[in-house]
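Encoded as structure tokens, the structure appears first; notes follow it.
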Amino acid sequence: MLTDRVLAGLAETTSPARVLTAREDLLTYASDATPLHRCVPEAVVIPRDTEQVARIVKLANEEGFALIPRGAGTGLSAGAVPTTDSVVMLFPSWNRIIEVDAVNHTAWVEPGVITADLHAAVEPYGLFYPPDPGSMRICTLGGNVAENAGGLRGLKYGVTKDYVMGLEAVLPTGEFLSLGGKSIKDVSGYNLLDLLVGSEGTLAIFTKILVRLVPKPQSTRTILASFDSVGAAGQTVTAILAAGIVPSTLEFLDQVTIRAVESFAGLGLPADLAALLLIEVDGRAHAVAEDADAVDRICRQQGAREVRTASNADEAEDLRAARRTSFTALARIGPTTILEDVAVPRSAVASMLVRIEDIAAEHQLQIGVFGHAGDGNLHPTCITDARDAEAVVRAEAALEEIFDAAVALGGTITGEHGVGLAKRKFLERHTGDPALRFMRQIKAVLDPSQVLNPGKVLGRSARCEHPPLGHPAYEEALA
Ligand SMILES: Cc1cc2nc3c(=O)[nH]c(=O)nc-3n(C[C@H](O)[C@H](O)[C@H](O)COP(=O)(O)OP(=O)(O)OC[C@H]3O[C@@H](n4cnc5c(N)ncnc54)[C@H](O)[C@@H]3O)c2cc1C
């Protein structure tokens, strides 16, 4: 329980209106987009500026409560889920794009800026911010940097860390830290930027972010190819890359996902299709036209049943709909959708898909798979019912086998969604010493009082043991 002194300190630092304690407000912040983790915070605080953030962090150190930074709450590893005796920190009005520098190709943004708003804001300058998580219309830059978010354009353009040039942040002790800048090259000292990007709200609270921009591609072509076998789709991915073409997007949908999308969006996709590939090439117009022709040819050579190329922007949006609606479509099949995330070397994508299919059959589960085939990042999505404890146990067992299979194939337990609460057990299992020890030491040095998002990533803290959804103690914990 937070003491009255803490609540008074939060109100004094910000204002009474910026501290929420009403039960209905707190319930809103009890979970993120991860369905099996939930915990009601003791309070929510909305700081106005960096100085207030620093003062709140110092108060947390003095009074011993946990702080949970939160963006839009779209996280898929329970990173923004509160822990007991915690205060959630929100940045809803920190949504200014402070500067777009068209000469240096950079933008300074506040952490609450919605990712798609940054895309739109830089476009009039002929510039482009490539990271495009599927949630880009709602998630924030602060959350993207904290999770090192990827997206559909990762194969050609990389992920969030490839675009962060500078950060202003408050450390877990309340000290202010400024890193990086507009200089493209900078090797002065250890690479602290890379340490903080992807630190999942456990090492720093970002208050300002400097991102790198690139020139907007002159032209884009969008192609949707359908296949009668997963193997043919996999060979097509290999053949496209072997031909020296690097598509900006190379996305895969399996049969379960295709059927769900068809029933949701009615795009005219045959129910017996085994796989779909969404392929986009971008760049200079003449090169794009050549690449698109080559992709079309390769798809047909590899036995595609149909290849559709969009002839204008509206048609391209229609073709993208199959991929963009995958999660929503799958979520309609059952009450609970667990959207997971594994990554394997590209050469192991086909084997990983076979393993997922076998594991789903073994556990009698419906698991749809879609994802970024070009960079080996797949999203096995398990449809279950969190009210049914036995079904949850089966789903968790299957997902555990999927994570182990990814690692056995030379991959990893998460390609872009992070560890948070959801995967800390697997991080421990698959990360050997001394790497795990280094991570714990870094956390201990930067956050000696364990105030910042404790128990996430490296969870040893008793502060974040929640009964899972479906467990009899769960309703009690929420009550
Ligand atoms: C439908 C859907 C599609 C998605 N598609 C993708 C995808 O393609 N690629 C991908 O990578 N992810 C994807 N995600 C996951 C999620 O959107 C990303 O992880 C995103 O970066 C989270 O941003 P957020 O603002 O919602 O952060 P939150 O969920 O609110 O927080 C995420 C983490 O960031 C920390 N955090 C937030 N703000 C700050 C701050 N200012 N300072 C320090 N730490 C902070 C939190 O403590 C937490 O650990 C998807 C999610 C959904 C629901």
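For ligands, and for the atoms within them, numbers begin at 1 and follow the listed sequence.
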Is there a donor-acceptor pair under 3.5 Å between the side chain of [X] and the backbone N or O of [Y]?
| X | Y | result |
| --- | --- | --- |
| S86 | P82 | no |
| T238 | G234 | yes |
| S199 | V197 | no |
| R153 | P130 | yes |

Fill in: Lys/Arg cation over aromatic F264: R332, 6.0 Å, 45° cone
no
Is the closest side-chain donor-acceptor distance between [X] and [Y] under 3.5 Å?
| X | Y | result |
| --- | --- | --- |
| E251 | T249 | no |
| T160 | N148 | no |
| D404 | H430 | yes |
| D25 | T28 | no |
| D117 | N95 | no |

For [atom], which protein heavy atom lies nearest, and how many Å away is it?
| atom | answer |
| --- | --- |
| atom 11 (O) of ligand 1 | G150 N, 2.9 Å |
| atom 43 (C) of ligand 1 | A204 O, 3.3 Å |
| atom 20 (C) of ligand 1 | N144 ND2, 3.5 Å |
| atom 28 (P) of ligand 1 | G73 N, 3.6 Å |
| atom 25 (O) of ligand 1 | T140 OG1, 2.7 Å |
| atom 49 (O) of ligand 1 | E200 O, 3.1 Å |
| atom 42 (N) of ligand 1 | F206 N, 2.9 Å |
| atom 8 (O) of ligand 1 | G134 N, 2.8 Å |

Just distances here: any N/O of [X] and N/O of ligand 1 closer than 3.5 Å?
| X | result |
| --- | --- |
| D32 | no |
| H372 | no |
| G71 | yes |
| G143 | yes |
| A33 | no |
| L76 | no |
| L339 | no |

Discussion item. Between R440 and E428, does any NZ, NE, NH1 or NH2 come within less than 4.0 Å of an OD or OE carboxylate oxygen?
Written reply: yes
Discussion item. I'd like to know if K182 pairs up with D101 as an ion pair, taking the criterion as any Lys NZ or Arg NE/NH1/NH2 lying under 4.0 Å from an Asp or Glu carboxylate oxygen.
Written reply: yes
So which of [options] gets nearest to [atom], if we judge by its closest heavy atom?
| atom | options | value |
| --- | --- | --- |
| atom 4 (C) of ligand 1 | G371, S199, G154, S135 | S135 |
| atom 9 (N) of ligand 1 | E416, E147, H417, R153 | E416 |
| atom 29 (O) of ligand 1 | G75, A72, P69, G142 | G75 |
| atom 15 (C) of ligand 1 | T202, T74, I205 | T74 |

Sub-4.0 Å atoms of ligand 1 with respect to non-hydrogen atoms of [X]:
| X | answer |
| --- | --- |
| A146 | 34 (O), 35 (C), 36 (N), 44 (N), 45 (C) |
| N453 | 47 (O), 49 (O) |
| A80 | 30 (O), 31 (O), 48 (C) |
| A149 | 11 (O), 21 (O) |
| G201 | 44 (N), 47 (O) |
| P111 | 41 (N) |

Worksheet item: For ligand 1, is any non-hydrogen atom under 4.0 Å from F327's backbone (N, CA, C, O), its side chain (CB onward), both, or neither?
Response: side chain
Worksheet item: Taking all atoms of both residues into account, what is the closest heavy-atom pair of R18 and R48, and its distance?
Response: NH2-CG, 3.5 Å
Discussion item. Tell me whether the rings of Y157 and F128 are parallel (<30°), tilted (30 to 60°) or perpendicular (>60°).
Written reply: perpendicular
Item to complete: Evaluate the criterion side chain to side chain contact (heavy atoms under 4.5 Å, CB included) for residue pair L152 and R324; output intermediate values, then yes/no.
Response: CA-CA 10 Å; L152 275 62; R324 290 269 178 215; 3.9 Å; yes
